[in-house]
Amino acid sequence: MSARRHPRGRISLSRADRTARLGRLLAALPQPTAGEWWPGLEPWLGEETDEAALHAVGDLGITGPVDLTLRTHGGPNAQPALVVGCDGKNLWITGPGGARLGETILTEPASTLRILTVGEYVEVYADGTFALTTLCYTGSPAPWTAVTDGHTRTIPTRPIRLPDPRRDDASAVWPGPYSG
């Protein structure tokens, strides 16, 4: 773990260390059933919006192949920087230029996806069960846009109110012993 001490006495961790810490912290949280959505996050979710949010949860019903853009890069002619795709049983996440960041094959075709983003961290649940996670440091938050059969629609999200709003890293979702 690489850490630096700030003049105010706080310790700063690298992004990789913060992400590893988040993984350990999330693994330690109580789960109703292994692999299912954790309802303890619900009180931290804001009202549904179509606005861009760096930390958000969104639900998407699936009736056919879909690509859901979560972040973009490139200014006025923005290109997808983070996309979740599903064609039924195949689920994937791509980064800039369509590079595959993660993929899995589901046991059954999914009818809904729930996506969680906290900074660079992304989790995908298929029909309420954890299916895929990855990290992507590229792009800026954008309204979540789904493309199905050539039709585009905006997917509402619920922004996550982080316990410590001064932080924007994935570890900030843990309201633990930070004394700030």
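Below, each value reflects all heavy atoms present in this structure, side chains not excepted, and no hydrogens, waters or symmetry copies. Here, residue 1 is the first one in the sequence, and each next residue gets the next number.
Both Ile93 and Ile115 are members of a single hydrophobic cluster when ILVMFWY side chains are connected at heavy-atom separations under 4.5 Å. Linking Ile, Leu, Val, Met, Phe, Trp and Tyr residues whenever their side-chain heavy atoms come within less than 4.5 Å places Val124 and Leu60 in a single cluster. Tracing side-chain contacts under 4.5 Å through hydrophobic residues (I, L, V, M, F, W, Y), one never reaches Leu68 starting from Tyr125; they form parts of separate clusters. Trp44 and Leu116 fall within the same hydrophobic cluster, where Ile, Leu, Val, Met, Phe, Trp and Tyr residues are linked whenever their side-chain heavy atoms come under 4.5 Å apart, directly or through other members. Two different hydrophobic clusters hold Leu132 and Val118 under the rule that ILVMFWY side chains link at heavy-atom gaps under 4.5 Å.
With respect to Arg158 and Glu42, a salt bridge is recorded, a charged nitrogen being found less than 4.0 Å from a carboxylate O.
Counting only distance, with no hydrogens or angles, the side chain of Thr69 and the backbone of Val83 share no donor-acceptor pair below 3.5 Å. Proximity of a side-chain donor or acceptor of Thr117 to a complementary backbone N or O of Val122 within less than 3.5 Å is not detected. Remark: side-chain polar atoms of Arg114 are not paired, donor with acceptor, to backbone N or O of Gly128 under 3.5 angstrom. Thr157 places no side-chain N or O within donor-acceptor distance of the main-chain N or O of Ile155, the cut-off being under 3.5 Å. Asp127 contributes a side-chain N or O that, together with a main-chain N or O of Thr112, makes up a donor-acceptor pair within less than 3.5 Å.
Shown here for Arg161 and Leu45, the closest heavy-atom pair between the two residues is NH1-O, 3.0 Å. The two residues Thr138 and Pro96 have their closest heavy-atom pair at CG2-CG, 3.4 Å. Here the shortest heavy-atom pairing between Leu91 and Cys86 reads CD1-CB, 4.0 Å. Nearest heavy-atom pair across Gly119 and Arg71 is O-NH1, 3.0 Å. Shortest non-hydrogen contact noted between Phe130 and Glu123 is CE1-CG, 3.9 Å. The nearest pair of heavy atoms linking Glu47 to Pro159 is O-CD, 3.3 Å.
Side chains of Pro156 and Asp50 form a contact here, defined as non-hydrogen atoms less than 4.5 Å apart. The shortest distance between side-chain heavy atoms of Thr63 and Asp149 does not fall below 4.5 Å.
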Run Thr94 and Asp67 through side-chain contact (heavy atoms from CB on, under 4.5 Å) and show every step you take. CA-CA 10 Å; Thr94 62; Asp67 286 312; over 6 Å; no

Please assess Val57 against Ile160 for the test side-chain contact (heavy atoms from CB on, under 4.5 Å), listing each intermediate value before the final yes or no. CA-CA 7 Å; Val57 171; Ile160 299 172; 4.0 Å; yes

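Note that CD1 of Ile105 is 8.0 Å distant from NZ of Lys89, once rounded to the nearest 0.5 Å. To the nearest 0.5 angstrom, Thr134 atom OG1 is 10.0 Å from Tyr121 atom OH. Rounding to the nearest 0.5 Å places SG of Cys136 at 4.5 Å from CG of Leu82.
Taking Ala78 as the reference, Thr72 meet the side-chain contact (heavy atoms from CB on, under 4.5 Å) condition, with sequence neighbours excluded.
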